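Below is one structure; the comments refer to it alone.
Heavy-atom basis, side chains included; hydrogens, waters and symmetry copies ignored. All values reported here derive from a predicted model rather than from experimental measurement.
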Amino acid sequence: MITRILDIDDNSLSLSGKIISGGGAVAFPTETVYGLGANAFDNSAVENIFKIKGRPNDNPLIVHVHSGYDINRLVSYVPQYANRLAAEFLPGPLTMVYKSRGNVSAAVSCGLDTLAIRVPSHEGAQKFLRFLDLPVAAPSANISKHVSPVTAEHVFNDLNGKIEVILNGGKCTGGIESTVLDCTGEYPVILRSGLITREMIEKSVGKCGEYVLKEGEKVRSPGMKYKHYAPTCKTVMYDKNNLTAAVSCYKSNVEQGVKAYILCDGSTAELLPAEVKNILNLGESEREMAFNLYDKLREGESKADLIIAVTPSKNDGIMKGVLNRLTKACNSL
Ligand code: AMP
Ligand code: MG
């Protein structure tokens, strides 16, 4: 199969519509990462997504809809706080989990009685979803466990030959996957952190929990238990407070002929001694770090034998989402 990267216009949308209605999958941009979408009502199309990615078949997918789509067609109950959050943050990088009506393919939620729904704000994603006027089940458009794609080229590198069309919407501005929020209880609970932070949700609706997987417990968001976001080269992680040890690690590896790179934020990069030449700089602000994270991990794996990630001590706000991804990328379970 020949894989083409196409700008989003009437021709590419019409071709994408034919592929989706024929049970195929199309990669499309969102403001978080690129998605690999299929018709959520079509069981074999959804199953095919798991095959293309090599995704474990108990890791449920998020259904994407355009901003005019009535989600009551898909879910049985939307609590008041969820309506409030939707009014404030959607369209945007927030996925909300509801009790499902059970009318999409059972493969979407891997047998769970809930459904995760997202309304992306990316203009290209909205055009694609509006054109189809269908719920589109879409995980990130990468081979399972690899670094998520934030450009059409990243998608091509992972899925060339496996899909026909990648809709090109430029580089994703968000850079990390959506916040996943359980909206089935009395108050919302974060299952995966992202750009819509706990602080933002609390400000809007007062209370917000955060799910932490306890040993021996059945996981509420199956994606949490898997290796994720990992570059193909070796990785190690150091806290910024331990910068001297990170630099020693770099030097000893370089002396042995290992192509080592330090991945860190801009302020840490300034503290590195001059002999550290190989730096993957994530930028200054939390937003910039999220924006650059996957691009730098992919750049790193193309150049380095070893990525030495140095992480800031801060772990709230958007940084929580960035560190969650970086930790999973480096300490791959
Ligand atoms: P990905 O598509 O790789 O961004 O992953 C989707 C994330 O959403 C995973 O962490 C899933 O566990 C989570 N997810 C999707 N559907 C549900 C659901 N019904 N209940 C809880 N988590 C879900
Ligand atoms: Mg993914």
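For the pair M237 and T235, the minimum side-chain heavy-atom distance is 4.5 Å or more. Side-chain contact check for C172 versus F291: every heavy-atom pair is 4.5 Å or farther apart. By the 4.5 Å heavy-atom criterion applied to side chains, M96 and I117 are not counted as neighbours. Side-chain contact between I166 and L6 is absent, with no heavy-atom pair separated by less than 4.5 Å. Taking the side chain as every heavy atom from C-beta outward, Y81 and S204 never approach each other to under 4.5 Å.
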Open item on the list: Go through it in stages, so that I can follow the logic: the residues are I318 and T197, the test is side-chain contact (heavy atoms from CB on, under 4.5 Å), and I'd like the CA-CA distance, side-chain angles, deciding distance and then a yes or no.
Closed with: CA-CA 6 Å; I318 292 172; T197 63; 3.8 Å; yes
Open item on the list: Apply side-chain contact (heavy atoms from CB on, under 4.5 Å) to residues L94 and R118 and explain how you reach the verdict.
Closed with: CA-CA 6 Å; L94 177 66; R118 175 159 136 66; over 6 Å; no
Task: Derivation and outcome, side-chain hydrogen bond (donor to acceptor under 3.5 Å, both in side chains), residues D9 and N11 - done: CA-CA 6 Å; D9 57 24; N11 290 333; 4.7 Å; no
TODO: List the steps, then state whether side-chain contact (heavy atoms from CB on, under 4.5 Å) holds for L306 with Y261.
DONE: CA-CA 6 Å; L306 172 68; Y261 276 71; over 6 Å; no
- [ ] May I have the step-by-step check of side-chain contact (heavy atoms from CB on, under 4.5 Å) for C208 and I190, ending in yes or no?
- [x] CA-CA 7 Å; C208 176; I190 293 180; 3.7 Å; yes
Open item on the list: Using salt bridge (Lys or Arg N to Asp or Glu O under 4.0 Å), reason through K203 and E199 one step at a time and then give a plain yes or no.
Closed with: CA-CA 6 Å; K203 201 166 166 211; E199 294 81 356; over 6 Å; no
Task: E275/K251 under salt bridge (Lys or Arg N to Asp or Glu O under 4.0 Å): CA gap, chis, key distance, verdict - done: CA-CA 8 Å; E275 62 257 54; K251 283 189 198 161; 3.1 Å; yes
TODO: Before giving the answer on salt bridge (Lys or Arg N to Asp or Glu O under 4.0 Å), spell out for R84 and E88 the whole-Å C-alpha distance, their side-chain angles and the decisive distance to 0.1 Å.
DONE: CA-CA 6 Å; R84 181 118 155 230; E88 188 160 350; 5.7 Å; no
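For N39, there are no side chain to side chain donor-acceptor pair (under 3.5 Å) partners, not counting sequence neighbours. Listed by chain and number, the residues in a ring-ring contact (aromatic ring centres under 6.0 Å, His included) with Y294 are Y229 (sequence neighbours excluded). Legend: residues meeting side chain to side chain donor-acceptor pair (under 3.5 Å) with E186, ordered by chain and number and at least two apart, are absent. Partners of Y34 according to the ring-ring contact (aromatic ring centres under 6.0 Å, His included) rule, which considers only residues two or more places apart in sequence or in another chain, do not exist here. Residues passing the ring-ring contact (aromatic ring centres under 6.0 Å, His included) test with H122, sequence neighbours excluded: none. Under the ring-ring contact (aromatic ring centres under 6.0 Å, His included) criterion, Y250 pairs with no residue, sequence neighbours left out.
Between the side chain of T3 and the backbone N or O of N160, no donor-acceptor pair lies under 3.5 Å. Under the 3.5 Å distance criterion, the side-chain polar atoms of R325 are matched with a main-chain donor or acceptor of E177. Between the side chain of N142 and the main chain of H146, a donor-acceptor pair closer than 3.5 Å is present. E301 places no side-chain N or O within donor-acceptor distance of the main-chain N or O of L297, the cut-off being under 3.5 Å. When atom types are taken as modelled, the side chain of N241 and the backbone of S313 share no donor-acceptor pair closer than 3.5 angstrom. Formation of a donor-acceptor pair under 3.5 Å by the R298 side chain with backbone atoms of H154 is found in this model. Of the possible polar contacts, one joining the Q126 side chain to the P120 backbone as a donor-acceptor pair under 3.5 Å is found. Looking only at distances, no side-chain donor or acceptor of K171 sits under 3.5 Å from a matching main-chain atom of A152. A donor-acceptor pair under 3.5 Å is formed between the side chain of N278 and the backbone N or O of A260. A donor-acceptor pair under 3.5 Å is absent between the side-chain atoms of N242 and the main chain of Y238, judged by distance alone.
V205 and M200 fall within the same hydrophobic cluster, where Ile, Leu, Val, Met, Phe, Trp and Tyr residues are linked whenever their side-chain heavy atoms come under 4.5 Å apart, directly or through other members. Note on F50: it clusters hydrophobically with F28, by side-chain heavy-atom contacts below 4.5 Å among ILVMFWY residues. At a threshold of 4.5 Å between side-chain heavy atoms, the hydrophobic network of Ile, Leu, Val, Met, Phe, Trp and Tyr places I8 and V33 in two separate groups. By the criterion of side-chain heavy atoms lying less than 4.5 angstrom apart, applied directly or through intervening Ile, Leu, Val, Met, Phe, Trp or Tyr residues, L191 is not grouped with L115; the two fall into different hydrophobic clusters. Following chains of ILVMFWY side-chain contacts shorter than 4.5 Å, one cannot reach I196 starting from V189, and the two form parts of different hydrophobic clusters.
Contact detail for A137 and A40: the closest heavy-atom pair is N-CB, 4.0 Å. Closest approach of V180 to I62, counting heavy atoms only: CG2-CD1, 4.5 Å. A pairwise comparison of heavy atoms in P135 and V63 identifies CB-CG1, 3.4 Å as the closest pair. Closest heavy-atom contact between K320 and N315: CA-OD1, 3.2 Å.
Judged by the 6.0 Å and 45° rule, K207 forms a cation-pi pair with Y187. The cationic atom of R130 (NZ for Lys, CZ for Arg) does not lie both less than 6.0 Å from the six-membered ring centre of F128 and within 45° of the ring axis.
At most 12 heavy atoms of other shown residues, nucleotides or ligands fall within 6.0 angstrom of atom CG in D10. Within 6.0 Å of the CZ atom in R287, the count of heavy atoms belonging to other residues, nucleotides or ligands does not exceed 12.
The distance from the CG atom of L159 to the CE atom of M1 is 11.0 Å, given to the nearest 0.5 Å. Atoms CD and CG, from E288 and D265 in turn, are 10.0 Å apart once rounded to the nearest 0.5 Å. Going from atom CG of N281 over to atom CG of L272 covers 9.5 Å, rounded to the nearest 0.5 Å. Atom SG of C249 sits about 3.5 Å away from atom CD1 of I308, to the nearest 0.5 Å. One finds the CZ atom of R4 at 13.5 Å from the CG atom of N168 (value rounded to the nearest 0.5 Å). From M319, atom CE reaches atom CG of L326 across 9.5 Å, with rounding to the nearest 0.5 Å.
With salt bridges taken as basic N to acidic carboxylate O contacts below 4.0 Å, one links K127 and E123.
A donor-acceptor pair shorter than 3.5 Å can be found between the side chains of R192 and S178.
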